[in-house]
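This report concerns only the one structure given below.
These numbers were taken from a predicted model, which means no experiment stands behind them. Each ligand, and each atom within it, is numbered from 1 in the order the structure gives. We use all heavy atoms of the structure for the numbers below, so side chains are in, but hydrogens, waters and symmetry mates are not.
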Amino acid sequence: MSAHLLDGKTLSQTIRSQLKERFAELAAQHGITPTLAILRVGDDSAAAGYARAIERTCTGVGAHFKPVVLPADSDQASVAAALDGLNNDATVHGIMILEPLPDTIDSNILVDRLNPAKDVDGVHPVNAGRLSAQRPPYFVPATPAGAIRMLEEAGVEFKGKEAVVIGRSDIVGKPMALLLLHRHCTVTLAHSRTHDLPAVARRADILCAAVGRPEMIKADWIKPGAIVVDFGTTYTDDGLKGDCDQAGVAAVAGMMTPVPGGTGPMTNVMLMQNLLEAYGGAVKR
Ligand code: NAP
């Protein structure tokens with residue numbers, strides 16, 4: 001068997017063109033361009049690279065990108081003041097706080113201060129709680145939202161499926177587990193303390209990996225015909241690697257997301273989808 005590969009690149013391009021049309025319509029109708037602000041502190045290269053990728057995505061759909069970059073020696077109060085400025089700026093519809101922040105900044109305090117109606121990354125506890133309780137409105141973190149969209153487009157039937165999610169971060173694993181639960185999967189959320197992880201993984205009709213350990217998941221962890229979602233993105237000397245041994249897993253799985261070209265390209269377009277929702281909310285107010 002060789003798994004059907006779910007093409008996140010092509011799907012993300014299709015969604016991007018749909019969003020571009022919608023953004024243009026709304027801007028023409030209301031005379032305001034949807035705007036995503038990012039707040040970054042210091043000169044971390046990963047955060048800077050992520051900011052450039054978000055800027056490209058914004059430009060691609062016709063949204064404004066507003067970067068606010070503070071010096072690395074900024075104190076908590078000045079970062080909070082910059083965030084307050086964005087929270088209160090009616091021309092800003094979405095805000096992302098880019099990590100990593102300097103050690104001197106408490107990111108939890110900042111996230112708590114973020115206006116939940118502009119939290120397009122779904123990191124504020126109000127959005128996380130509303131997602132958990134299925135009480136809209138809320139923003140779903142872009143990465144798991146993109147994966148679910150890929151599975152839905154592929155016609156996956158979720159109801160009653162045994163799903164195993166490996167990794168319990170607030171931004172990928174935990175919300176992915178909730179999204180699967182809300183679609184009536186029976187969900188196991190595994191992590192670094194899970195006993196006999198290969199045996200747990202082998203139970204899965206839908207196996208999702210959000211760990212960040214390249215090629216940790218081998219062919220003998222996979223139930224034949226399973227659907228595998230690989231969120232892992234680790235840059236190695238051999239290039240970009242997912243959490244799965246791609247060739248081995250593809251030989252056993254029925255369907256899987258490749259790395260690269262799977263969940264990665266979907267993330268930023270789903271962020272734009274969230275910006276569109278934030279903008280719609282802002283226009284209604
Ligand atoms: P994270 O916050 O570091 O969380 C990693 C999770 O993996 C933790 O829950 C950890 O368990 C678990 N884990 C670590 N080692 C393990 C092991 N040996 N066995 C089982 N579980 C283990 O990472 P993240 O932010 O969720 O990101 C995960 C991966 O997704 C990374 O490669 C990241 O680059 C990628 N990612 C991709 C996208 C995308 O667009 N595709 C977006 C975001 C992240 P504990 O909780 O017990 O420590």
Side-chain angles (χ1 to χ4, degrees), residues 5-9 11-13 15-16 38 44-47 49-54 56-57 96-101 107-108 111 120-123 128 131 139-151 163-180 187-204 207-218 220-222 228-236 238-246 249 256-274:
L5 297 182
L6 300 177
D7 181 355
K9 199 168 169 197
L11 179 58
S12 70
Q13 283 161 352
I15 297 171
R16 185 176 293 123
I38 58 114
D44 180 84
S45 59
Y50 190 27
R52 282 193 298 275
I54 295 169
R56 278 195 300 276
T57 312
M96 286 177 74
I97 301 167
L98 294 200
E99 306 231 8
L101 294 163
S107 68
N108 285 340
V111 167
V120 289
D121 214 12
V123 292
L131 166 64
F139 290 107
V140 180
T143 301
I148 288 288
R149 179 75 186 265
M150 290 176 84
L151 297 180
V164 174
V165 180
I166 310 176
R168 55 177 163 180
S169 71
D170 290 336
I171 200 77
V172 191
K174 218 182 279 174
M176 187 67 191
L178 285 169
L179 294 170
L180 291 164
V187 181
T188 301
L189 185 48
H191 44 77
S192 66
R193 269 75 147 198
T194 299
H195 291 297
D196 199 355
L197 193 55
V200 173
R202 267 192 298 275
R203 295 205 306 253
L207 178 67
C208 305
V211 178
R213 289 182 182 255
E215 303 187 326
M216 177 180 95
I217 294 165
K218 307 295 183 196
D220 62 357
W221 293 36
I222 308 297
V228 179
V229 175
D230 190 345
F231 289 110
T233 36
T234 308
Y235 292 90
T236 71
D238 278 342
L240 183 62
K241 298 286 177 196
D243 288 341
C244 296
D245 161 17
Q246 292 265 315
V249 168
M256 72 182 287
T257 63
V259 178
T263 58
M266 290 295 291
T267 293
N268 282 347
V269 287
M270 297 316 283
L271 191 61
M272 293 300 111
Q273 173 78 51
N274 283 351

Honestly, for R213 the part within reach of ligand 1 (heavy atoms, under 4.0 Å) is side chain

Protein residue, atom and distance nearest to [atom], heavy-atom basis:
{"atom": "atom 8 (C) of ligand 1", "result": "R168 N, 4.0 Å"}
{"atom": "atom 13 (N) of ligand 1", "result": "V211 CG1, 3.6 Å"}
{"atom": "atom 12 (C) of ligand 1", "result": "G167 CA, 4.1 Å"}
{"atom": "atom 19 (N) of ligand 1", "result": "L197 CD2, 3.6 Å"}
{"atom": "atom 29 (C) of ligand 1", "result": "G212 N, 3.7 Å"}
{"atom": "atom 24 (P) of ligand 1", "result": "S169 OG, 3.7 Å"}
{"atom": "atom 37 (C) of ligand 1", "result": "F231 O, 3.1 Å"}

(message) Any heavy atom of G232 closer to ligand 1 than 4.0 angstrom?
(response)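 Right, G232 reaches ligand 1.
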
If you measure from [atom] to every heavy atom of [options], which option wins on shortest distance?
{"atom": "atom 44 (C) of ligand 1", "options": "T234, V172, T143", "answer": "V172"}
{"atom": "atom 6 (C) of ligand 1", "options": "P175, P141, A210, G242", "answer": "A210"}
{"atom": "atom 32 (O) of ligand 1", "options": "L271, I171, T233", "answer": "T233"}

What one should report as the nearest heavy-atom pair of M216 and V211 is CE-CG2, 4.0 Å

Tightest non-hydrogen contact, residues V165 and G173, listed as CG1-O, 3.6 Å

Atoms of ligand 1 under 4.0 Å from any heavy atom of G264, numbered from 1 in the order shown, are 40 (O), 41 (N)

Ligand 1 to T263, heavy atom cutoff 4.0 Å, flagged ligand atoms 41 (N)

With rounding to the nearest 0.5 Å, note down the distance linking [atom1] in [X] to [atom2] in [Y].
{"X": "F231", "Y": "S169", "atom1": "CZ", "atom2": "OG", "value": "9.0 Å"}
{"X": "D7", "Y": "M266", "atom1": "CG", "atom2": "CE", "value": "10.0 Å"}
{"X": "C208", "Y": "L151", "atom1": "SG", "atom2": "CG", "value": "7.0 Å"}
{"X": "L197", "Y": "I217", "atom1": "CG", "atom2": "CD1", "value": "7.0 Å"}

- [ ] Starting from the C-alpha separation in whole Å, work towards a yes-or-no answer on side-chain contact (heavy atoms from CB on, under 4.5 Å) for T57 and L271.
- [x] CA-CA 9 Å; T57 312; L271 191 61; over 6 Å; no

Where at least one partner belongs to residues 207-216, residue pairs that pass salt bridge (Lys or Arg N to Asp or Glu O under 4.0 Å), sequence neighbours excluded:
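Sorted result for residues 207-216: E215-K241.
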
Practice task
Compute the shortest N/O to N/O distance between D243 and ligand 1 and return yes if it is under 3.5 Å, no if not.
Solution key: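 The answer is no, given that D243 and ligand 1 share no N or O pair closer than 3.5 Å.
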
### Task
Consider only side-chain N and O atoms of T143 and T267, and report whether a donor and an acceptor are under 3.5 Å apart.
yes

